[in-house]
Chemist: 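Dropping the structure in here first, questions after.
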Number of protein chains: 2
Amino acid sequence: MFSIGDLSRRTGVKVPTIRYYEQMGLVAAPERSEGNQRRYSRQELERLAFIRHARDLGFAVEDIRSLIDLSGHPEQPCGHADKIAEEQLISVREKIAQLKRLEAELERIATCCDGKTVGDCYVIRALSDHALCADEHG
Amino acid sequence: MFSIGDLSRRTGVKVPTIRYYEQMGLVAAPERSEGNQRRYSRQELERLAFIRHARDLGFAVEDIRSLIDLSGHPEQPCGHADKIAEEQLISVREKIAQLKRLEAELERIATCCDGKTVGDCYVIRALSDHALCADEHG
DNA sequence: TGTAATTGCTCTAGTCACTAGAGCTTCAAG
DNA sequence: CTTGAAGCTCTAGTGACTAGAGCAATTACA
């Protein structure tokens, strides 16, 4: 039996976040001690580790809920789980592409400033005038 | 003189977002028509375009506030503006690095599933067991 | 000039995924 | 048996908007 603090240390999920997940129905309400404190089993530790891992990978809480539902039905076809993971992959790739465009733009902005005062600062001018951008973004 | 809708169309910032920026003090409260509708000048259009551009580049509203304050003092040294842009560049690069790690992990997860049911689905197993991960993330 | 469609106004509340704080109780170690 | 850490519930705050209700003003057209 683990206290909420044990669970937090073992999974890296903060204590208030665990309680929040319980409220959201992502983890079930666990047993309580005589003094009304939460007591978790190993199964619940594993579920929380699952959630943590999926959150680290950028899955939305709703996706995680679906994945948990799926994992409770091991006899069903797993196409849905694959689909969630693939969509997540696509979204991550899109974010990378977008951020790379920003990186290029910011690189130009942040390294080209040789003005001494704000009046001729390239950072400020570049932000004021989209026409100074090399290409489209945003 | 532009209505809030004109401003929105010209800058790509949505109408409620413009009002929100006014509330947050990012743009000044503009003149009003006799019927109490907002009327903007070209200067305000430019400021909003500046904000839009900076938001597109991922600057936080607080950073934008600083940049606007700076641009109001063109005689000051521009080191601070440079610093904000450089920090933003660093943070974008960190995000890219993190997302690339996720991409690799998700790629492995999403493409390796040849199980037919959830019971032996690699997606679910990989999320349950961090030990299946090729390397650290999150 | 009339009227209808569009646009605008304020205000409150909701989003997502937490995070912080107040004020209290329980637990574990010495 | 005491003390200090950890736990409890509850409310409210974060960032950057977004949505909706219920009105008022403006604009286009007949």
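All of these numbers come straight from a predicted model, not from anything done at the bench. For the numbers below, each heavy atom of this structure counts, side chains included, while hydrogens, waters and symmetry mates do not. So that the names make sense, note that chain A is the first sequence line, chain B the second, and so on, each numbered from 1.
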Chemist: Between B/V61, B/D63, B/L67, B/I68, which is the residue that forms a side-chain contact (heavy atoms from CB on, under 4.5 Å) with B/R65?
Modeler: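 Result for side-chain contact (heavy atoms from CB on, under 4.5 Å) with B/R65: B/V61.
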Chemist: Would you say a side-chain N or O of A/R55 is under 4.0 Å from OP1 or OP2 of C/dC18?
Modeler: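 Checking A/R55 against C/dC18: at least one side-chain N or O falls below 4.0 Å of OP1 or OP2.
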Chemist: According to a strict under-4.0 Å criterion, is A/R52 in side-chain N/O contact with OP1 or OP2 of C/dC18?
Modeler: no
Chemist: Choose from C/dT19, D/dA25, C/dC27 the nucleotide whose nearest atom is closest to any side-chain atom of B/S33.
Modeler: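 Between C/dT19, D/dA25, C/dC27, the one nearest the side chain of B/S33 would be D/dA25.
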Chemist: State whether A/R32 places a side-chain N or O below 4.0 Å from either non-bridging phosphate oxygen (OP1 or OP2) of D/dT9.
Modeler: yes
Chemist: Let me spell it out: for each of B/Q23 and A/R39, pick the nucleotide of DNA chain C with the closest heavy atom. Which residue's pick is nearer the 5' end?
Modeler: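 By nearest-heavy-atom nucleotide position, the 5'-most residue is B/Q23.
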Chemist: Could you give the CE-to-P distance, from A/M24 to C/dG14, as a whole number of Å?
Modeler: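 Rounded to whole Å, this separation is 13 Å.
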Chemist: With the side chain of B/T17 defined as its heavy atoms from C-beta on, choose the nearest nucleotide among D/dT18, D/dG7, C/dC18.
Modeler: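 Nearest to the side chain of B/T17 among the choices is D/dT18.
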Chemist: Does C/dT10 have OP1 or OP2 under 4.0 Å away from a side-chain N or O of B/R19?
Modeler: no
Chemist: Quick check on side-chain contact (heavy atoms from CB on, under 4.5 Å): which of A/E31, A/R32, A/M1 does A/R38 satisfy it with?
Modeler: A/R32
Chemist: I need the CD1-C1' distance between B/I64 and D/dG15, as an integer number of Å.
Modeler: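 Distance check: B/I64 CD1 to D/dG15 C1' gives 12 Å.
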Chemist: Compare side-chain N and O positions of B/R38 against OP1 and OP2 of C/dT10 and report whether any pair is under 4.0 Å apart.
Modeler: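 So the side chain of B/R38 is within the cut-off, an N or O lying under 4.0 Å from OP1 or OP2 of C/dT10.
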Chemist: Quickly work out the A/E31 CD to D/dG7 P distance and round it to whole Å.
Modeler: 17 Å
Chemist: May I have the distance from A/E62 (atom CD) to C/dA17 (atom C1'), rounded to whole angstrom?
Modeler: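 Rounded to whole Å, this separation is 12 Å.
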Chemist: Mind listing the closest non-hydrogen atom pair of A/R19 and A/I4 along with its distance?
Modeler: CG-CD1, 3.5 Å
Chemist: At under 4.0 Å, does any side-chain N or O of B/S3 touch on OP1 or OP2 of D/dT26?
Modeler: no
Chemist: Mapping B/E34 and B/A60 to their closest nucleotides on DNA chain D, which lands nearer the 5' end?
Modeler: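 Between the two, 5'-proximity favours B/A60.
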Chemist: Ignoring backbone atoms, establish whether A/K14 has a side-chain N or O less than 4.0 Å from OP1 or OP2 of C/dT19.
Modeler: yes
Chemist: Whole angstrom is fine here: how far is it from CD1 in B/I18 over to P in D/dA16?
Modeler: 17 Å
Chemist: Between C/dC18 atom P and A/D56 atom CG, what is the distance in whole Å?
Modeler: 10 Å
Chemist: Between D/dA16, D/dG7, C/dA17, which nucleotide has the shortest distance from any of its atoms to the side chain of B/V61?
Modeler: D/dA16
Chemist: Could you point out which residue of A/V13, A/T17, A/I18 forms a side-chain contact (heavy atoms from CB on, under 4.5 Å) with A/S8?
Modeler: A/I18
Chemist: For the pair A/E44 (side chain) and A/S41 (backbone), establish whether a donor and an acceptor sit closer than 3.5 Å, ignoring hydrogens and angles.
Modeler: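 Such a contact is found between A/E44 side chain and A/S41 backbone.
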Chemist: Round to a whole Å and report the spacing from CZ of A/F59 to P of C/dA17.
Modeler: 13 Å
Chemist: When you check the phosphate oxygens OP1 and OP2 of C/dC18, does a side-chain N or O of A/Y21 lie under 4.0 Å from one of them?
Modeler: yes
Chemist: Round to the nearest Å and state the distance from A/F2 atom CZ to D/dA6 atom P.
Modeler: 18 Å
Chemist: From C-beta outward on B/Q37, which listed nucleotide comes closest to its side chain: D/dA16, D/dC8, C/dT7?
Modeler: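 Between D/dA16, D/dC8, C/dT7, the one nearest the side chain of B/Q37 would be C/dT7.
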Chemist: Is it the case that A/E94 and A/S91 place a side-chain donor and acceptor less than 3.5 Å from each other?
Modeler: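 A/E94 vs A/S91: no donor-acceptor pair found between side chains.
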Chemist: Picking from D/dT18, C/dT19, C/dC9, which would you name as closest to the side chain of A/Y20?
Modeler: C/dT19
